[in-house]
Undergrad: 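Let me begin by handing over the structure; questions about it come next.
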Amino acid sequence: MQSVGIERRAHVIVLGNEKGGSGKSTAAMHVIVALLREGYSVGAIDLDARQATLTRYLEARAHFAASKGVALPLPEARAVHRSEADRRTEAEAEEKAGLAAAMAALSPQNDFVVIDSPGSDTHLSRLGHARADTLITPINDSFVDFSMLARVDPDDHAVVSPSVYSEMVWEARKARFARDRGRLDWIVMRNRLGSAEARNKKDVGATLDVLAKRIGFRTVRGFGERVIFRELFLQGLTLMDVKEAGVGVSFSMSHVAARQEVRSLVAAIRKGPPGDVWRVAGSAPATLAPAGDAA
């Protein structure tokens, strides 16, 4: 009897939204390093090659490790550039092929692939979203950023309608299912939460809970407003590296809390949504998919 071939496929985590300044690339980098330090193999894809925030972050990390003689874990990285072809059909085909090539190179030999997408609605961003097993959308904790998810009545904060971004995620879910019957687990990450129980914070949280049930996402507490996140960027470091790298940062209770925020996010990714069947095992080094699904 001929055996059925099983090909390894990475679990794909996409960081995406259509608004800059929400901490998307910072979250991507911390997720990458946290997974590496847990012993997983990780690939990284930067779809925003013009801004290249994740690419520059990883380059700075490699430079720091080499110049200081510090053994820092690094992912295998690729950047997919936006096509400059004149015709739209040619440009989209080129971008689709570029992402497929990057996935084919990274997916079979890694446990996770983390994709940082552009902070705008582009064809590459849509392609990336449609690859997601887990989509993480960081938002600042205000109704300014909430508008990216839905239109809200200004008087009673009732959800009027989903936003164009939410509709795009719905289309990505359909595309993901059509390609390989896979499911997209959507996590909305509330960044820069203040410690005070301000009325705005409560209102945003309550409205998010309503919207989560309506369009299907989970909410997690993200990263607080901490200077340390920005200070480490130029060296390519994360909070998971501070002690090992020896950069002279005194570890405070704020840093301990920030590191726990990162660990909580990674735990939420591994846990998966309630009742889902593809949960990423805490100890298993890989997820499996039918042969031919790696690209």
Undergrad: Working to the nearest 0.5 angstrom, can you tell me the gap between M189 CE and R218 CZ?
TA: 13.0 Å
Undergrad: Report, as yes or no, whether the 6.0 Å neighbourhood of atom CZ on R37 holds more than 12 heavy atoms from other residues, nucleotides or ligands.
TA: yes
Undergrad: Applying the 4.5 Å side-chain criterion to the ILVMFWY set and letting contacts propagate, would V42 and L74 be lumped into a single cluster?
TA: no
Undergrad: Partners of E167 by side chain to side chain donor-acceptor pair (under 3.5 Å), sequence neighbours excluded?
TA: none
Undergrad: When you look at T53 and F233, which way does the side chain to side chain contact (heavy atoms under 4.5 Å, CB included) test go after all the steps?
TA: CA-CA 10 Å; T53 304; F233 171 77; 4.1 Å; yes
Undergrad: Same cluster or not: F177 versus V169, using hydrophobic residues (I, L, V, M, F, W, Y) connected whenever any side-chain heavy atoms lie under 4.5 Å apart?
TA: no
Undergrad: Report the C-alpha separation of I45 and V113 in whole Å, then their side-chain angles, then the decisive distance to 0.1 Å, and conclude whether the side chain to side chain contact (heavy atoms under 4.5 Å, CB included) test is met.
TA: CA-CA 7 Å; I45 299 177; V113 172; 3.9 Å; yes
Undergrad: Ignoring hydrogens, what is the shortest heavy-atom contact between P75 and I32? Give both atom names and the distance.
TA: CG-CG2, 3.7 Å
Undergrad: Show your reasoning for whether side chain to side chain contact (heavy atoms under 4.5 Å, CB included) applies to L72 and L237.
TA: CA-CA 9 Å; L72 296 176; L237 301 177; 3.6 Å; yes
Undergrad: Cut-off 3.5 Å, no hydrogens considered: what does the side-chain donor-acceptor table look like for residues 204-214, sequence neighbours left out?
TA:
residue: T207; atom: OG1; partner: D203; partner atom: O; Å: 2.8
residue: R214; atom: NH1; partner: V159; partner atom: O; Å: 3.3

Undergrad: Check D241 with R61, please: is the shortest side-chain N to carboxylate O separation under 4.0 Å?
TA: yes
Undergrad: Between R56 and E59, is the closest basic N to carboxylate O distance under 4.0 Å?
TA: no
Undergrad: What heavy-atom pair brings V31 and V114 nearest, and what distance separates the two atoms?
TA: CG1-CG2, 4.3 Å
Undergrad: In sequence, state the C-alpha distance, the side-chain angles, and the governing distance for V12 and M103, and then conclude on side chain to side chain contact (heavy atoms under 4.5 Å, CB included).
TA: CA-CA 9 Å; V12 180; M103 287 296 300; 3.6 Å; yes
Undergrad: Please check if I215 and W170 belong to a single hydrophobic cluster, counting links between Ile, Leu, Val, Met, Phe, Trp and Tyr side chain heavy atoms closer than 4.5 Å.
TA: no
Undergrad: Kindly indicate whether the side chain of M168, heavy atoms from C-beta on, has any atom under 4.5 Å from the side chain of R126.
TA: yes
Undergrad: Sort and list the pairs that fulfil ring pair (Phe, Tyr, Trp, His ring centres under 6.0 Å) and have at least one residue in residues 113-133, not counting sequence neighbours.
TA: H129-Y165
